[in-house]
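Bear in mind that the values here come from a model prediction, so they are computed numbers and not experimental data.
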Amino acid sequence: MVSFLISVVSFIVALGILVAVHEWGHFWVARRCGVKVERFSVGFGKALWRKTDKLGTEYVISAIPLGGYVRMLDERVDEVAEQDLPYAFNRQHVLKRIAIIAAGPIVNFLFAIFALFIMYLIGLQTVKPVVGSIEPDSILSQSNIPANAVLTQIGDRKVVDWEDVAYELMSFIGHDEMLVKWTDNDNHFEKSATVDLREWSFDPDKTTVLASLGLSPFRPKVLNVLGHVENGSAAQRIGFQANDKIVSLDGTSMENWEQIVGYVSSRPNQAVEVEVLRNDQVVTLNGTIGSKTEAQTTKGYMGFTPTLEPWPEGMMFVHQYGLGAAFSKGIDKTWRLMTLSIEMLGKLITGDVSVKNLSGPIAIAQGAGTSASMGLVYFLGFLALISVNLGIINLLPLPVLDGGHLLYYFIELFSGKPVPESVQEVGFKIGGVLLLLLMSIAIVNDIARL
């Protein structure tokens with residue numbers, strides 16, 4: 001329940017920030033172009049708070065936090081008094097209208113740079129991309145990358161952590177081959193291999209992009225010692241405590257954490273007798289294993305997490321830079337997120353990427369909750385990612401989006417006359433249907449992943 005509330009609150013905060021940023025872009029440029037702005041709203045529906053400034057603009061926070069809008073004076077929407085006609089949006093030169101509409105997505109990209117700049121100033125703890133293992137007969141097995149190798153480059157881009165690796169691997173979906181470079185863990189000589197990707201198949205509902213290639217990152221050994229016990233969980237009811245070492249379950253000796261997970265998951269709602277080592281003494285506990293249903297399958301669930309051996313020295317590091325370097329890194333990362341988003345959209349159209357990859361508000365809420373619970377720097381990175389995607393999506397040439405309006409205005413710019421209202425209306429209807437279809441697919445994907 002707590003994690004659900006965190007996800008909901010984080011989602012509202014994230015969406016509120018990103019919508020406000022996007023609409024502020026339209027608002028700020030509209031004001032600079034001499035257009036009267038009647039309302040600036042974050043959210044839809046019933047107004048929860050409102051305030052009117054001296055220029056007559058009403059600022060509103062509404063009940064449904066799933067978007068927002070800037071309402072400008074426009075003859076196509078309302079009657080406009082003759083003295084206000086010079087301030088109407090539709091009376092502005094086409095270049096001004098282009099600037100006003102383009103400002104929303106552009107500010108989304110600028111906000112991403114700002115969020116990443118702050119993130120790199122604060123410092124982001126991350127892990128070097130050290131290979132744990134390569135699965136035999138997998139796509140990457142042909143590369144002969146050894147265990148403990150440090151990945152340094154995917155394609156033509158350098159990689160320094162696992163997030164970089166995941167992004168660059170995804171960019172090769174639909175390609176026939178991929179260049180991979182690595183060194184040993186002491187950063188000696190760099191080696192490389194060209195990997196044949198023609199047999200690569202990636203289903204996001206079943207696996208991760210790393211696992212689909214047979215790649216497992218290095219992880220410290222998982223110990224049988226408990227690090228955390230969830231409140232209200234089956235583990236707490238049985239009597240487990242942090243720092244307990246699980247010795248046996250129903251008399252069966254537990255040699256490793258994988259054995260514990262396998263034993264528990266195969267026995268939902270069954271009684272269990274446990275021996276734990278607590279303060280150098282063996283303690284016997286009795287109770288019932290809990291259960292959890294995922295993908296219509298019920299499995300045993302305790303509600304405890306293990307501890308890990310310490311990371312090897314130098315494996316973890318902090319991305320932290322001074323003002324200039326942090327700003328430069330923010331620009332570079334934002335640009336890569338933009339290009340990767342465009343690449344993935346193109347592959348969605350060509351069929352190289354399945355529509356199963358589309359995510360909707362539920363996935364965004366989960367991502368917001370997870371990143372927020374990890375700390376401010378991770379939440380900033382999440383905001384940057386979603387802000388870039390919001391900007392890219394709004395630039396799609398669908399008439400209900402900013403990109404559709406821009407398409408009409410560029411046609412007007414080059415043809416010398418506006419697109420007829422009747423054509424625009426048909427475009428809005430088609431665009432609305434397509435957008436609703438995409439949103440429906442995304443929401444169905446979200447529900448299927450629950």
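Going from atom CD of Gln236 over to atom CG of Asn231 covers 5.0 Å, rounded to the nearest 0.5 Å. Note that the CG atom of Leu383 and the CG atom of Leu390 stand 11.5 Å from one another [nearest 0.5 Å]. Between the CG atom in Leu406 and the CG atom in Leu401 there is a gap of 10.5 Å [rounded to 0.5 Å]. The CH2 atom of Trp24 lies 9.0 Å from the CZ atom of Phe27; values are rounded to the nearest 0.5 Å.
Between the side chains of Arg157 and Ser171, no donor N or O sits under 3.5 Å from an acceptor N or O.
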**Item:** Stepwise side chain to side chain donor-acceptor pair (under 3.5 Å) test for Arg50 and Ser41
**Value:** CA-CA 9 Å; Arg50 67 178 73 210; Ser41 178; over 6 Å; no

**Request:** Walk me through it: do Trp200 and Leu213 pass the test side chain to side chain contact (heavy atoms under 4.5 Å, CB included)?
**Result:** CA-CA 7 Å; Trp200 182 23; Leu213 291 163; 3.5 Å; yes

**Request:** Please assess Val107 against Trp28 for the test side chain to side chain contact (heavy atoms under 4.5 Å, CB included), listing each intermediate value before the final yes or no.
**Result:** CA-CA 10 Å; Val107 170; Trp28 189 84; over 6 Å; no

**Item:** Derivation of the side chain to side chain contact (heavy atoms under 4.5 Å, CB included) call for Asn148 and Phe218
**Value:** CA-CA 7 Å; Asn148 296 318; Phe218 172 86; 4.0 Å; yes

**Message:** Set out, in order, the CA-CA distance, both residues' side-chain angles and the distance that settles side chain to side chain contact (heavy atoms under 4.5 Å, CB included) for Lys299 and Thr297, then state yes or no.
**Reply:** CA-CA 6 Å; Lys299 296 181 179 181; Thr297 301; 4.2 Å; yes

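The two residues Val195 and Ser143 make their nearest non-hydrogen contact at CG2-CB, 4.0 Å. Smallest separation of non-hydrogen atoms from Ser291 and Thr298: CB-CG2, 3.8 Å. The heavy-atom pair separating Gln92 from Tyr87 by the smallest distance is NE2-C, 3.9 Å. The shortest non-hydrogen separation linking Gly155 to Phe172 is CA-CZ, 3.5 Å. Residues Ile289 and Tyr301 share a closest heavy-atom pair of CG2-N, 3.9 Å. Taking all atoms of both residues into account, the shortest heavy-atom contact from Tyr167 to Lys333 is CE1-CE, 4.0 Å.
For residues 108-118, every residue pair satisfying the side chain to side chain donor-acceptor pair (under 3.5 Å) rule, not counting sequence neighbours, is listed here: His22-Asn108, Asn108-Ser387.
Tyr59 OH: more than 12 foreign heavy atoms inside a 6.0 Å radius. Enclosure of atom CZ in Arg198 is not indicated, since only 12 or fewer non-hydrogen atoms of other residues, nucleotides or ligands lie within 6.0 angstrom. Summarising the local packing, CG of Asp137 is surrounded by 12 or fewer heavy atoms from other residues, nucleotides or ligands at distances under 6.0 Å. When the shell of 6.0 Å around CD of Glu258 is examined, it contains more than 12 heavy atoms from other residues, nucleotides or ligands.
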Please list every donor-acceptor pair under 3.5 Å in which a side-chain atom of residues 64-72 meets a protein atom from a residue at least two apart or in another chain.
unit_1 : atom_1 : unit_2 : atom_2 : d
Tyr69  : OH     : Arg39  : NH1    : 3.0
Arg71  : NE     : Glu38  : OE1    : 3.4
Arg71  : NH2    : Asp78  : OD1    : 3.4
Arg71  : NH2    : Asp78  : OD2    : 2.4

Name each donor-acceptor pair under 3.5 Å that joins a side chain in residues 311-325 to protein atoms two or more places apart or in another chain, with its distance.
unit_1 : atom_1 : unit_2 : atom_2 : d
His319 : ND1    : Tyr321 : OH     : 3.1
His319 : NE2    : Asp161 : OD2    : 3.4
Gln320 : NE2    : Leu121 : O      : 3.2
Gln320 : NE2    : Ile122 : O      : 2.9

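Val29 is not listed as a side-chain neighbour of Lys96, based on a closest heavy-atom distance of 4.5 Å or more. Side-chain atoms of Pro399 and Ile430, non-hydrogen and from C-beta on, never get closer than 4.5 Å to each other. Between Gln153 and Leu179 the shortest side-chain heavy-atom distance falls below 4.5 Å. When side chains are defined from C-beta on, Val42 does not count as touching Ser62, because their heavy atoms never get closer than 4.5 Å.
Looking only at distances, a side-chain donor or acceptor of Asp53 sits under 3.5 Å from a matching main-chain atom of Gly56. Between the side chain of Thr307 and the backbone N or O of Leu226 there is no donor-acceptor pair closer than 3.5 Å. The main-chain N or O of Asp196 is found under 3.5 Å from a side-chain atom of Gln142 such that the two form a donor-acceptor pair. In this structure a side-chain-to-backbone donor-acceptor pair under 3.5 Å is present from Lys347 to Ile173. Of the possible donor and acceptor atoms, none in the side chain of Asp332 sits under 3.5 Å from a partner among the backbone N and O of Ser328. Here the side chain of His93 pairs a donor or acceptor atom with the backbone of Leu95 at under 3.5 angstrom. The main-chain N or O of Lys181 is found under 3.5 Å from a side-chain atom of Thr152 such that the two form a donor-acceptor pair. Checked by atom type and distance alone, the side chain of Glu412 never pairs as donor or acceptor with a backbone atom of Tyr408 at under 3.5 Å. For the pair Asp164 (side chain) and Val160 (backbone), a donor-acceptor distance under 3.5 Å is present.
Taking a cutoff of 4.0 Å between a charged side-chain nitrogen and a carboxylate oxygen, Lys158 and Glu168 do not qualify as a salt bridge. The pair Glu75-Arg91 meets the salt-bridge criterion, since a charged nitrogen lies less than 4.0 angstrom from a carboxylate oxygen.
Phe240 is linked by a ring-ring contact (aromatic ring centres under 6.0 Å, His included) to Phe304, counting only residues two or more places apart in sequence or in another chain. Residues satisfying the ring-ring contact (aromatic ring centres under 6.0 Å, His included) criterion with His228, sequence neighbours excluded, are absent altogether. Residues forming a ring-ring contact (aromatic ring centres under 6.0 Å, His included) with Phe410 (at least two apart in sequence, or on another chain): none.
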